[in-house]
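Predicted model only: the values in this text are computed from it and were never measured. Counting convention: from 1, in listed order, for ligands and their atoms alike.
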Amino acid sequence: MNETTLPPDDFHCGYVALIGAPNAGKSTLMNALLGAKISIVTAKPQTTRKRVLGFYTGDTHQIIFIDTPGLIRPKYILQQSMVTAAHSAIAEADAICVLIDGARALERGDLLPVGLLDLLRKAGSPVFAVITKSDLVADKKQLLPMMARLLEFYDFKAVIPISAPEGQGLDGLIDELRAVLPVGPQLYPEDMLSDAPERFFVSEIIREKIFEQYRQEVPYATEVFIAEFREEEKCDHIAAEIIVERESQKRILIGSGGDALKAIGIAARKDIEAFLGRKVFLELHVRVRDGWRDNEAWVRRLGY
Ligand SMILES: Nc1nc2c(ncn2[C@@H]2O[C@H](COP(=O)(O)OP(=O)(O)OP(=O)(O)O)[C@@H](O)[C@H]2O)c(=O)[nH]1
Ligand SMILES: [Mg+2]
């Protein structure tokens, strides 16, 4: 659409925040809706650390999804910034999807993160409850009491069960969202899926591999910083710094004889090449920045 064209009265465009506990399936849902891997996904909670925009463009609507970090009680400065990212998305969005892991809720009985309802009331925008991972619930009837309970807690516009791998409920969710978004012109070209720079996706892919490969402590103490990104004729040259908090974590990351780091490099390069559609030479360096997660200056320097 060029700038002189007035938007048709029935074109809807707006921001939709995807909110929920860590591991609820926010990034997976955004990727499934867009049909592209924009946001990294792992089995570990607290994978997403920054808000990531994803653009869904239809004939009559453009939905700008905001994938957010999971809602937690922050224990260090990095986590504070993660929670702030989620809270500001709630405050700014035109509509909100609260994601609830249906399988987990049935098992443990916990439905909504503490304090979320107050934030939703304050924001005042339409809110949908999205029950994720319905494919993991064998008897779908079990979801009915959960849906009823959710409606007792909050005046959700609708409660929608979905399954990302099965694609179930996704079209219905898009229709519901379109209906509540304001009328307005398309903000981004239809072939654009996100506004984040390539550097961001590259660092996220490396972080995803670290989350997948290491246990407990290392992923949470790690950040990835792209020190150099040079496009060359045959092959892009990317140098990434993997930042950890302690020497012991550096040793684990590198592994005996460098094997572990080499495996990260191979897995990351494969995905980076697929994402960029170009050949890549990837260089990884591990650096220790003492306690960076709880150091305001470092957390800011790393873009939070
Ligand atoms: N079976 C099934 N698994 C799902 C579904 N959605 C997400 N998952 C899995 O749940 C895990 C967490 O998914 P994510 O999309 O990373 O969750 P998230 O809410 O973005 O998590 P954080 O970024 O850590 O807050 C991954 O292992 C996903 O594959 C679903 O609909 N069905
Ligand atoms: Mg995520």
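In the vicinity of Ala164, heavy-atom distances shorter than 4.0 Å reach the ligand 1 atoms 30 (C), 31 (O). Of all atoms in ligand 1, numbered sequentially from 1 with element shown, those under 4.0 Å from a heavy atom of Ala43 are 27 (O). The ligand atoms of ligand 1 that sit less than 4.0 angstrom from a heavy atom of Leu136 are 1 (N). Which parts of ligand 1 touch Thr47 is read off a 4.0 Å heavy-atom cut-off, strictly below it: atoms 22 (P), 23 (O), 24 (O). Interface of Gly70 with ligand 1, defined as ligand atoms under 4.0 Å from a residue heavy atom, comprises 25 (O). Of all atoms in ligand 1, numbered sequentially from 1 with element shown, those under 4.0 Å from a heavy atom of Pro22 are 25 (O).
In summary, the aromatic rings of Phe211 and Tyr220 are positioned with their centroids under 6.0 Å apart.
At a cut-off of 2.8 Å, Ser39 does not coordinate the Mg ion (ligand 2) through any N, O or S atom. Metal site remark for the Mg ion (ligand 2): Ser27 contributes an N, O or S atom at a distance under 2.8 Å.
At least one N or O atom of Thr48 sits closer than 3.5 Å to an N or O atom of ligand 1. Checking only distances, Ser163 never comes within under 3.5 Å of ligand 1, N or O to N or O. Considering backbone and side-chain atoms alike, Asn23 places an N or O below 3.5 Å from some N or O of ligand 1. Taking distance alone, with nitrogen or oxygen atoms compared against 3.5 Å, Gln46 approaches ligand 1 more closely than that limit. Remark: ligand 1 and Ile162 share no N or O pair separated by less than 3.5 Å (distance only, no angle test). Considering backbone and side-chain atoms alike, Asp67 places every N or O at 3.5 Å or more from each N or O of ligand 1. Checking only distances, Pro45 never comes within under 3.5 Å of ligand 1, N or O to N or O. Checked against a 3.5 angstrom limit, the closest N/O atoms of Gly25 and ligand 1 fall inside it.
When every heavy atom of Arg49 is checked against every heavy atom of Pro219, the shortest pair comes out as NH2-O, 3.0 Å. Here the shortest heavy-atom pairing between Gln62 and Leu181 reads O-CD1, 4.2 Å.
When the shell of 6.0 Å around CZ of Arg215 is examined, it contains 12 or fewer heavy atoms from other residues, nucleotides or ligands. Heavy-atom contacts from other residues, nucleotides or ligands closer than 6.0 Å to CG of Asp155 number 12 or fewer.
No continuous path of ILVMFWY side-chain contacts below 4.5 Å connects Val180 to Val159, so the two sit in separate hydrophobic clusters.
Of all the listed residues (Val41, Thr28, Leu99, Asn31), Thr28 holds the heavy atom that lies closest to atom 7 (C) of ligand 1.
At a heavy-atom distance under 4.0 Å, atoms from both the backbone and the side chain of Lys133 approach ligand 1. Neither the backbone nor the side chain of Asp101 comes within 4.0 Å of ligand 1, counting heavy atoms alone.
Ligand 1 lies out of reach of Gly20, whose nearest heavy atom is not under 4.0 Å from it.
In this structure, Lys37 forms no cation-pi arrangement with Phe275, as its terminal cationic atom is not both closer than 6.0 Å to the ring centre and no more than 45° off the ring axis. Because its NZ or CZ atom is both nearer than 6.0 Å to the ring centre of Trp298 and within 45° of the ring axis, Arg301 counts as a cation-pi partner of that residue.
Remark: of the listed residues Arg73, Arg293, Gln46, Gln46 is the sole one forming a side-chain hydrogen bond (donor to acceptor under 3.5 Å, both in side chains) with Gln79.
Between Glu212 and Lys209 there is a salt bridge, with a side-chain nitrogen of the basic residue lying less than 4.0 Å from a carboxylate oxygen of the acidic one. Glu232 has no carboxylate O lying under 4.0 Å from a charged side-chain N of Arg278, or vice versa, which leaves the two without a salt bridge.
Of all protein heavy atoms, the one closest to atom 30 (C) of ligand 1 is Pro165 CD, 3.3 Å.
Of the N and O atoms on the side chains of Asp67 and Ser39, at least one donor lies less than 3.5 Å from an acceptor on the other residue.
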